[in-house]
Amino acid sequence: MGCYWPIFDYSYVEYAVVTGANKGIGFETVRQLANAGATVVLTARNQKRGIEATKLLQESGLSNVIFHQLNVRDPQSIQSLAKFITTQFERLDILVNNAGASGVQVDEDGLRALNIDPATWLAGKAVNMVQDVMKTTYDTAKECIDTNYYGVKNVTEALLPMLQRSTLGARIVNVSSLRSELSRIPNERTRKELGDIETLTEEKIDRILQKFLHDLKQDALEANGWQKMLPAYSISKATLNAYTRVLAKKYPKMCINCVHPGYVNTDINWHTGTMTVEEGAEGSVMLALLPEGGPTGCYFDRTRLAEF
Ligand SMILES: NC(=O)c1ccc[n+]([C@@H]2O[C@H](COP(=O)([O-])OP(=O)(O)OC[C@H]3O[C@@H](n4cnc5c(N)ncnc54)[C@H](OP(=O)(O)O)[C@@H]3O)[C@@H](O)[C@H]2O)c1
């Protein structure tokens, strides 16, 4: 492990879309891609927040950032973005699926009072400490899976015709998480199914997600070997990685990868993260700007190739 692909030629990169980009890692990803010369569509589900974020970048001199509304859970909103890209550009070179939801309801003051150190968080050792302040309900889990898995899938499918027109093969970056890693899934069957690229299919992934939601309804997550810490978020990102591999196999001319951005100080982790958004966007930007012949169907821990 530990490979690094240098970024050297941006000339073929013209048009990019970043989802969930009004703040956090997505906003910074737009900034770095625009700085590299791409015309970037900053998308956000909230029109006002998206326009404000776009203005901020435009006023800093990045006139190549434009806004379009996108709620990744809303089919009409996805269609409207696809139509916009088709009429405005001749192709799409980069899609960064960055929008994400945590899948939990959190008592933020209670969480802060626990004062959990980053090492404990990352090792998954905080699980018993957070039981009273962090709740997974059916609705929070469904929102999470619909955003982190089906949102990515539906946006990608809608934009695929334009991505297929990219001259050197499009780059798709799916922003995943450390919590997606297969070794963290207690259930051996799920771990094996998600890890076997030879037999993985989208239907198989659907069945795993349905089983997860069924077990959650039955209050049987732990009994059936789902993760205790952020269970919905973890399975949403593990299935996202699996989808990344299925897609990469289907479109060998593209570079389609997933990336853990690092433990970054943003709203999604209630600002428990330790890295800056600049550091957090590095992996996404590197994978968005991969040179020809770069890796595909891989998982990266920031800029380094890692095990699924
Ligand atoms: N921060 C970390 O340590 C960390 C670690 C691992 C992975 N990640 C991943 O990194 C990505 C970016 O997260 P972040 O840390 O930058 O968190 P963030 O600042 O909370 O950003 C999340 C973004 O996703 C957007 N979003 C949520 N649901 C959406 C929907 N249905 N449609 C469109 N946009 C939606 C949010 O929009 P609103 O402002 O409207 O809510 C926001 O723009 C996520 O995929 C996250 O899972 C982060």
Side-chain angles (χ1 to χ4, degrees), residues 13-27 29-30 33-34 38-55 57 64-101 103 139 142-167 169-176 201-203 205-206 209-210 213 236-237 239-240 242-244 246-248 250-251 253-258 284 288:
V13 175
E14 254 185 286
Y15 305 112
V17 166
V18 182
T19 71
N22 51 294
K23 64 181 181 184
I25 299 167
F27 177 77
T29 303
V30 171
L33 289 177
T39 296
V40 190
V41 185
L42 181 156
T43 70
R45 61 177 160 180
N46 180 292
Q47 181 105 0
K48 186 168 174 280
R49 287 198 290 265
I51 289 173
E52 276 169 10
T54 305
K55 269 196 187 144
L57 293 173
N64 47 338
V65 176
I66 48 179
F67 172 71
H68 199 279
Q69 193 272 348
L70 175 67
N71 180 343
V72 304
R73 292 181 67 196
D74 175 358
Q76 268 184 3
S77 168
I78 295 176
Q79 280 319 311
S80 159
L81 174 75
K83 199 172 163 196
F84 174 78
I85 302 293
T86 312
T87 50
Q88 296 294 313
F89 310 141
E90 60 266 29
R91 62 178 197 275
L92 184 62
D93 301 304
I94 293 169
L95 169 62
V96 182
N97 286 307
N98 167 84
D139 287 345
K142 183 86 172 57
E143 179 193 9
C144 175
I145 288 168
D146 284 351
T147 307
N148 300 358
Y149 183 74
Y150 290 106
V152 171
K153 191 172 154 167
N154 294 338
V155 169
T156 306
E157 277 171 13
L159 296 177
L160 264 171
M162 290 301 280
L163 289 160
Q164 282 176 285
R165 292 171 151 205
S166 180
T167 330
R171 274 71 176 131
I172 302 176
V173 184
N174 292 333
V175 182
S176 185
T201 60
E202 289 170 45
E203 294 70 30
I205 300 173
D206 285 340
L209 288 169
Q210 277 159 16
L213 286 170
S236 74
K237 296 292 192 179
T239 48
L240 173 63
Y243 175 63
T244 305
V246 171
L247 207 64
K250 208 163 156 186
Y251 298 98
K253 281 197 187 138
M254 300 185 189
C255 290
I256 307 173
N257 296 291
C258 45
S284 292

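These numbers come from a predicted model, not from an experiment. We're numbering straight along the sequence, starting at 1. Side-chain atoms are counted along with the backbone in the values below, which use heavy atoms only and exclude waters and symmetry mates.
With rounding to the nearest 0.5 angstrom, the OG1 atom of Thr54 is 9.0 Å from the CD1 atom of Ile66. For the atom pair OG (Ser236) and CD1 (Ile145), the distance works out to 6.5 Å, reported to the nearest 0.5 Å. Of the inter-residue distances, the one linking Lys55 atom NZ with Leu42 atom CG reads 13.0 Å to the nearest 0.5 angstrom. One finds the CD atom of Gln164 at 4.5 Å from the CE atom of Met254 (value rounded to the nearest 0.5 Å). Between the CG atom in Leu81 and the CG atom in Leu159 there is a gap of 5.5 Å [rounded to 0.5 Å]. Within the model, atoms OG of Ser77 and CG of Asn154 stand 11.5 Å from one another, a figure rounded to the nearest 0.5 Å.
Ala158 approaches Ala82 most closely through the heavy-atom pair O-CB, 3.9 Å. Annotation for Arg91 and Thr167: closest pair NE-OG1, 3.5 Å, computed over non-hydrogen atoms. For Leu163 against Thr156, the heavy-atom pair with the smallest separation is CD1-O, 4.4 Å. Ile205 and Ala242 make their closest contact through CD1-CB, 3.7 Å (heavy atoms, listed as atom of the first residue, atom of the second, distance). Considering every non-hydrogen atom in both Ser284 and Val173, the closest pair reads O-CG2, 3.8 Å.
Residue pairs meeting the side chain to side chain donor-acceptor pair (under 3.5 Å) criterion with at least one member in residues 39-53, sequence neighbours excluded: Lys48-Glu52. Sorted by first and then second residue, the pairs that involve residues 142-165 and meet ring pair (Phe, Tyr, Trp, His ring centres under 6.0 Å), not counting sequence neighbours, are Tyr149-Tyr243. Evaluation of the salt bridge (charged side-chain N to carboxylate O under 4.0 Å, His left out) test over residues 146-165, restricted to residues two or more places apart or in two chains, returns Arg73-Asp146, Lys142-Asp146, Lys153-Glu202.
Side chain of Ser80 to backbone of Gln76: no donor-acceptor contact under 3.5 angstrom is found. A donor-acceptor pair is defined here as one N or O able to donate and one able to accept, closer than 3.5 Å; such a pair exists between the side chain of Asn148 and the backbone of Ala101. In this structure, Asp93 contributes its side chain and Ser166 its backbone to no donor-acceptor pair below 3.5 Å.
A heavy-atom distance below 4.5 Å is not found between the side chains of Tyr15 and Val41. Under the 4.5 Å side-chain criterion, counting only non-hydrogen atoms from C-beta, Ile78 is in contact with Leu70.
Under the ring-ring contact (aromatic ring centres under 6.0 Å, His included) criterion, Phe67 pairs with no residue at all, not counting sequence neighbours. Taking the side chain to side chain contact (heavy atoms under 4.5 Å, CB included) definition, one finds that Asn98 meets it with Val18, Thr19, Ile25, Val96, Val175, sequence neighbours left out. Ala34 is linked by a side chain to side chain contact (heavy atoms under 4.5 Å, CB included) to Val40, Leu62, Asn64, Val65, counting only residues two or more places apart in sequence or in another chain.
Between His68 and Phe84, the two ring planes are tilted [angle within 30° to 60°].
Each of Leu33, Leu92, Val155 was scored for a side-chain contact (heavy atoms from CB on, under 4.5 Å) with Val17, with one residue passing: Leu92.
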